[in-house]
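For reference, the structure is listed below as structure tokens.
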Number of protein chains: 2
Amino acid sequence: MANIKEVAKLAGVSVSTVSRVFNQQSYVKAETRARILEAIEETGYVPNRAAREMVAKHATTVGIVMPETFNNFQRQIFSIVARQLEEHSYHTGFYYASTEAEEEMKCLNRIKADRLDGIIILHELTQPGFNEYLSTRNIPTVLATFSGQSWDAPAIHISEEEAAAVAVRHLINKGHRKIAAIAGRQFSFSSRRLAGYGNALALANIALDERSIVHASTYSMRSGYEAARRLSEQSDSFTAVFAITDELAIGAIRYFQDRGLRIPEDLSVVGFDDIELASFVSPRLTTIAQPIEEMGNLAVELLHSMITDKETSSGDILLPFTLIERESTAQLR
Amino acid sequence: MANIKEVAKLAGVSVSTVSRVFNQQSYVKAETRARILEAIEETGYVPNRAAREMVAKHATTVGIVMPETFNNFQRQIFSIVARQLEEHSYHTGFYYASTEAEEEMKCLNRIKADRLDGIIILHELTQPGFNEYLSTRNIPTVLATFSGQSWDAPAIHISEEEAAAVAVRHLINKGHRKIAAIAGRQFSFSSRRLAGYGNALALANIALDERSIVHASTYSMRSGYEAARRLSEQSDSFTAVFAITDELAIGAIRYFQDRGLRIPEDLSVVGFDDIELASFVSPRLTTIAQPIEEMGNLAVELLHSMITDKETSSGDILLPFTLIERESTAQLR
DNA sequence: AGGTGATATGAAAACGTTCCCAGATATGTG
DNA sequence: CACATATCTGGGAACGTTTTCATATCACCT
């Protein structure tokens, strides 16, 4: 593996000059540059990243923190973020952190060692140590998700609570009053969306029945199926279901269909996220769409300006959402 | 940001000794070690990765190369690989490479600079430069995908051709003879699966009709929908469809359903991959299941042994697949 | 007392860059 | 022609580790 010294020797110049052609500022005679370029070509030289990072005292890498198994929404935002990062020529480090406290701290430790330029967090972290560390070290951070705990970093997201309320209100407007909910574990966006559900019900003077709420353990379709089963066991009087995630909704619909119910004739279902799949299942899913492309772009744009301008930004950035009415909800007969 | 010198000073020892407690071989008096540990705790010291990598002459990072927008199958294998990598305490670098030649070479350039320990490739690369570079530099590489071009690296995959033939034979056994195909762009696994389709037809003495083959531009459901539309326009005599990907199949089913066809009564559809979704759409999708968990685990296991044992491995590793019969295919009436 | 091996520590080189400083050569200006 | 300024190049320190080598102390045995 060629290093800068060999290139310099081959081109008959000093390492300083070779370095100069790589970093372009300052003067290099055209003829010399040509000779060096040739030597680079010949040796296949590529600067050693570690050495560069050491003198620069920082990596040109931003880390993406994601959950253990990410859902379709997170997959999409990940793709967008990764592409944008590449656009700005950052390296992309992948950090997987499950929702277990211990795992989260292990993830943090890896981050510590890496001297990252910045971090984009795509799911809620529960350990306060994360924010504490990142903010004392002044590591630019952006959350492209709901910020559960208090962060010193900006969080880009929609108003989960309002959006959920809009979804539930949609059901109420269709005449439903017995509306069940499939939530996730009791924190993060799950609890915010559930709160929105409660608010919408309260506003319509509908009493909240604990038995018509069920908590799924993950956000997979399988969990949605399972959750729908539990819901059916503990209550049978609902005419509509609000699922806090499209995957959960799709899994639930599958269960209800298996039980012979017709959607939306016998039961209306709303989801949340508008993943690609939502418009391909039957019935097509009525759901809340997040401006995912914008969220991803904004996240790296913001992070990039934090890194380059050294200005610390914070606070929530709320983006608009829309209810997309498709085929899984109908007027109560 | 504390460095090793500060820790050494605080503990009243030399940097060598501090380094020793981090890398554990050789002797350090228990008392000294305790003092150093305390100093580490107090300063919050974490070794600088770049510096470490420089002296080690390699990173503790393996890169994952993925397509621009990855589908559900790739997402799943990515999750598995990332988790396993973490298990072996490698860092995970994410490298996105679209199928454009230029993009691919840009991706390769980033890889060159990073002195990766190893690389796991999750989709087919078309540029021979990739293999050439990796093999001359002796960078351990594993493909967890079909190896389109000839690689010096081992490729872990199923026999795409046979699997496709099994899927098509399943349709033939159900009495179908007019079987259309929805393929992708004409290379990589898409072409292998299409070849399997052709073989199965030939074996059953069914003439291959060019008009009953359509090529989707991506592997998304949207593309599947689009492809089904084009298929319907250029041919209307088929009673079954083989889609080379579950997403394509699901998109296609959506199109046919929109046109009032009942699946599987009016039309049978087989997919390929068995993504989670396959068992949640209606009708549930008949498809080919790849041993995804095993593929992911094997990939990092193999890579790890290549990295540590320095033994270069190569050749194809074929894993078994299974046809999962669900509800989207039926006997031709 | 002297030797031997195990235990414990420090000094300093090396890894591959970047960048500051100094010096050399060319180009212009009065 | 002298001097200032612009252009060009090299030397060497610095970045934060690991690792080799050398040396010091200790415990134990003859």
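Throughout, a chain's letter reflects where its sequence line sits, starting with A, and its residues are numbered from 1.
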Would you tabulate the side-chain donor-acceptor contacts of residues 6-18 of chain B under 3.5 Å, counting partners in other chains and residues two or more places apart, or write 'none'?
| from | atom 1 | to | atom 2 | distance (Å) |
| --- | --- | --- | --- | --- |
| S14(B) | OG | S16(B) | N | 3.4 |
| S14(B) | OG | T17(B) | OG1 | 3.3 |

Protein N or O to nucleotides 15-19 of chain C N or O, pairs below 3.5 Å:
| from | atom 1 | to | atom 2 | distance (Å) |
| --- | --- | --- | --- | --- |
| dT17(C) | OP1 | Y45(A) | OH | 3.1 |
| dT17(C) | OP1 | N48(A) | N | 3.3 |
| dT17(C) | OP2 | I4(A) | N | 2.7 |
| dT17(C) | O5' | Y45(A) | OH | 3.0 |
| dT18(C) | OP1 | N23(A) | OD1 | 3.4 |
| dT18(C) | OP1 | N23(A) | ND2 | 3.2 |
| dT18(C) | OP1 | R52(A) | NE | 2.8 |
| dT18(C) | OP1 | R52(A) | NH2 | 3.2 |
| dT18(C) | OP2 | S19(A) | OG | 2.7 |

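- Bending across the helix from dA1(C)-dT30(D) to dG30(C)-dC1(D), expressed as the angle between its end axes from five pairs apiece, amounts to 50° (10° rounding).
- At a threshold of 4.5 Å between non-hydrogen side-chain atoms, the residues F70(B) and Y219(B) do not count as touching.
- Distance check, rounded to the nearest 0.5 Å: CG of L143(B) to CD1 of I121(B) gives 5.0 Å.
- Using a cut-off of 4.0 Å between Lys/Arg side-chain N and Asp/Glu carboxylate O, K106(B) and E103(B) are scored as salt-bridged.
- Residue pairs that meet the ring-ring contact (aromatic ring centres under 6.0 Å, His included) test with at least one member in residues 104-147 of chain A, sequence neighbours left out, are F146(A)-H157(A).
- In this structure, a donor-acceptor pair under 3.5 Å is absent between the side chains of E86(B) and T92(B).
- Aromatic rings of F73(A) and F78(A) (six-membered ring for Trp) have centroids beyond the 6.0 Å cut-off, not under it.
- A donor and an acceptor atom, one from each side chain of Y90(B) and H304(B), are located under 3.5 Å apart.
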Which donor-acceptor pairs under 3.5 Å do the side chains of residues 54-64 of chain B make with protein atoms, sequence neighbours left out?
| from | atom 1 | to | atom 2 | distance (Å) |
| --- | --- | --- | --- | --- |
| H58(B) | ND1 | D117(B) | OD1 | 2.6 |
| H58(B) | ND1 | D117(B) | OD2 | 3.3 |
| T61(B) | OG1 | R49(B) | NH1 | 2.9 |

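- Counting heavy atoms from C-beta outward, S314(B) and D152(B) have side chains that stay 4.5 Å or more apart.
- The nucleotide range of DNA chain D contacted by chain A, defined by atoms under 4.0 angstrom from heavy atoms of the protein and reported 5' to 3', is dT7(D) to dG16(D).
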